[in-house]
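Just so it is clear: chains get the letters A, B, ... in the order the sequence lines come, proteins before strands, and each one is counted from 1. No experiment lies behind these values; they were computed from the predicted model shown.
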There are 2 protein chains.
Amino acid sequence: MRWQHLDQEPCSLARALAVIGDRWTLMVLRDCFLGVRRFDHFQERLGVTRHVLSDRLRKLVDQGVLEKAAYQERPRREEYRLTDMGRALHPVIVHLVQWGDRYLADKRGAPLLHEHRTCGHRLEARLTCDACGEPVAPRDVRVRQNPAFTDPLLPVPETGGDVSRPPSPPTRRPPRQESE
Amino acid sequence: MRWQHLDQEPCSLARALAVIGDRWTLMVLRDCFLGVRRFDHFQERLGVTRHVLSDRLRKLVDQGVLEKAAYQERPRREEYRLTDMGRALHPVIVHLVQWGDRYLADKRGAPLLHEHRTCGHRLEARLTCDACGEPVAPRDVRVRQNPAFTDPLLPVPETGGDVSRPPSPPTRRPPRQESE
DNA sequence: GGCATGGGTTCCATTTTGGAACCCACTGAC
DNA sequence: GTCAGTGGGTTCCAAAATGGAACCCATGCC
């Protein structure tokens, strides 16, 4: 499967990654949330080549994650700002940063400290269900396929660890037409 | 800046991306959360080349996100399972999927439907502060630098949109030694 | 022996990055 | 008017990563 076709996959993760899943894009967005808005400022902070930065910013604008806004005329100067679609990625970045803080920090701890302004405590992000307000663990989520999608999207259960099953159950799936 | 040095950056997002930020890793982890555990099963579902898959799985094991466990001896067969570190990425994936569902779906809607098992409703993920239980918006987060890090990590404010400022404030920062 | 299976590795062509230089419109200083 | 500076790029080429396909190897099944 080619990376370029990822945005047509019947999988929201694949489509999301087609937008923000390449090497530099999330770093760009992190800086957006920290208030960076200008090309050179991104370039200086990220150290990425201007070519790649230019490409990423353009794609993000094309896809609606960022928008260009003139902040002065004569000479025209534009800056990149998060759209609502871009701001909706905030939880992703917060959880990723927290994961890095927890598992990848050196002895000095987290480089940046996040405080929840409205309660004054250190921000400890949690995934909760908006319907019931309870925290959500991986096991608490049941995944079903939307019946509007007819190709099978979910894995065939493997009976993992069950050595008693016959040596070769129908693991092979029917031939598929370049889509999964 | 090279991608390979990202894991030494004083930024938890950069370090997290050094682990899970390349083209295929999050797709692999998505499948892990859906119960996929075997090499061929990943390969078949993702369509990625065996070479790349092998490389990604090995790196994930090296970094502690997955672990290999034998599910049978003679012949020895191993499977890949999420560790606690890997399971801690669940919120990241859930939010990414939800973002894709919201902004990138076609008319058929979300390919996979997620239900919160304990309350029975459609899972609507929310970022909340564990200290106060309230939802967290981007504006609600104040970011400070951990004083143990001496190099400046946060962007110099740009006074965006303020046309009244002098033409060239000290935007240039002092020369830095390959670290940001 | 011959074939299948899980779990890879090798080889080579195509794509993507990284590095560095170059470009262009505009401005303000001289 | 010229000249350097600035924001915001583009071009060119070499280095690295990816895609495709074939090959490998131990074991087990018949």
Side-chain angles (χ1 to χ4, degrees), chain A residues 1-6 17-18 21-25 27-28 36-61 66 68-80 158-161 163 165-173 178, chain B residues 1-6 17-18 21-25 27-28 36-61 66 68-80 158-161 163 165-173 178:
Chain A
M1 182 163 66
R2 315 300 291 280
W3 184 254
Q4 298 101 300
H5 307 142
L6 216 57
L17 291 178
D22 67 67
R23 277 171 155 58
W24 291 106
T25 300
M27 293 291 286
V28 169
V36 176
R37 295 209 255 261
R38 295 198 205 152
F39 190 92
D40 274 22
H41 202 183
F42 284 112
Q43 209 262 318
E44 193 182 1
R45 282 179 52 82
L46 300 178
V48 67
T49 63
R50 303 174 73 78
H51 187 3
V52 171
L53 177 60
S54 163
D55 184 73
R56 294 306 179 279
L57 288 171
R58 186 171 40 71
K59 282 181 183 158
L60 287 171
V61 170
L66 297 182
K68 281 174 96 153
Y71 64 89
Q72 82 179 28
E73 299 288 346
R74 320 210 44 73
R76 186 175 181 81
R77 293 279 181 266
E78 300 192 291
E79 61 184 15
Y80 296 89
E158 287 181 48
T159 64
V163 191
R165 73 197 172 90
S168 187
T171 294
R172 294 281 148 217
R173 295 201 290 163
E178 151 86 33
Chain B
M1 182 163 63
R2 314 300 292 280
W3 185 254
Q4 296 101 300
H5 306 143
L6 218 55
L17 291 178
D22 68 69
R23 276 171 155 58
W24 291 106
T25 300
M27 294 291 285
V28 170
V36 176
R37 295 209 254 261
R38 295 197 204 152
F39 189 93
D40 273 23
H41 202 183
F42 285 112
Q43 209 263 317
E44 193 181 1
R45 282 179 51 81
L46 300 179
V48 67
T49 63
R50 303 173 74 76
H51 187 6
V52 170
L53 178 59
S54 163
D55 183 73
R56 293 306 180 279
L57 289 171
R58 186 171 38 71
K59 282 181 182 159
L60 286 171
V61 170
L66 298 181
K68 281 174 97 154
Y71 64 88
Q72 82 178 28
E73 299 287 346
R74 320 210 44 73
R76 185 175 182 83
R77 293 278 181 265
E78 300 192 293
E79 60 184 17
Y80 296 89
E158 287 182 47
T159 63
V163 191
R165 75 197 170 89
S168 187
T171 294
R172 293 280 149 216
R173 296 200 289 162
E178 152 85 31

- Message: Set out, in order, the CA-CA distance, both residues' side-chain angles and the distance that settles side-chain hydrogen bond (donor to acceptor under 3.5 Å, both in side chains) for B:Tyr71 and B:Arg38, then state yes or no.
- Response: CA-CA 10 Å; B:Tyr71 64 88; B:Arg38 295 197 204 152; 3.2 Å; yes
If you look at every strand shown and take non-hydrogen atoms under 4.0 Å, does [X] touch a base, only sugar-phosphate, or nothing?
X	answer
A:Arg58	nothing
B:Arg76	nothing
B:Glu78	sugar-phosphate

OP1 or OP2 of [N] sitting under 4.0 Å from any side-chain N/O of [X]?
X	N	answer
A:Thr49	C:dA20	no
B:Lys68	C:dG8	yes
A:Trp24	C:dT16	no
A:Tyr80	D:dG7	no

- Message: Assuming nearest nucleotide by heavy-atom distance, tell me which of A:Arg50 and B:Ser54 is located more 5' along DNA chain C.
- Response: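 Nearest nucleotide further toward 5': that of B:Ser54.
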- Item | No-H, no-angle donor-acceptor pair, A:Arg77 side chain to D:dG8 base, under 3.5 Å | no
- Query: Hey, is the side chain of B:Arg38 pairing donor to acceptor with the base of C:dG7 inside 3.5 Å?
  - Reply: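 There is none.
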- Message: Is there a side chain to side chain contact (heavy atoms under 4.5 Å, CB included) between B:Phe39 and B:Arg50? Walk through the geometry before answering.
- Response: CA-CA 9 Å; B:Phe39 189 93; B:Arg50 303 173 74 76; 3.7 Å; yes
- Task: Rounded to the nearest angstrom, tell me the gap between atom CG in A:Asp55 and atom C1' in D:dG9.
- Result: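 Spelled out: CG on A:Asp55 to C1' on D:dG9 is 12 Å.
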- Query: B:Met27 CE to D:dT18 C1': how many Å, rounded?
  - Reply: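 In whole Å, D:dT18 C1' and B:Met27 CE are 15 Å from each other.
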- Message: Starting the side chain at C-beta, find the nucleotide from C:dG8, D:dG8, C:dG6 nearest to B:Tyr71.
- Response: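 Nucleotide nearest to B:Tyr71's side chain: C:dG6.
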- Message: Side chain of B:Arg56 only, heavy atoms from C-beta on: which candidate in D:dG8, D:dT18, C:dG7 is closest?
- Response: D:dT18
- Worked check of side chain to side chain contact (heavy atoms under 4.5 Å, CB included) between B:Trp24 and B:Leu57: CA-CA 10 Å; B:Trp24 291 106; B:Leu57 289 171; over 6 Å; no
- Query: Between A:Arg23 and A:His51, which is nearer to the 5' end of DNA chain D once each is assigned its nearest nucleotide?
  - Reply: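 Between the two, 5'-proximity favours A:His51.
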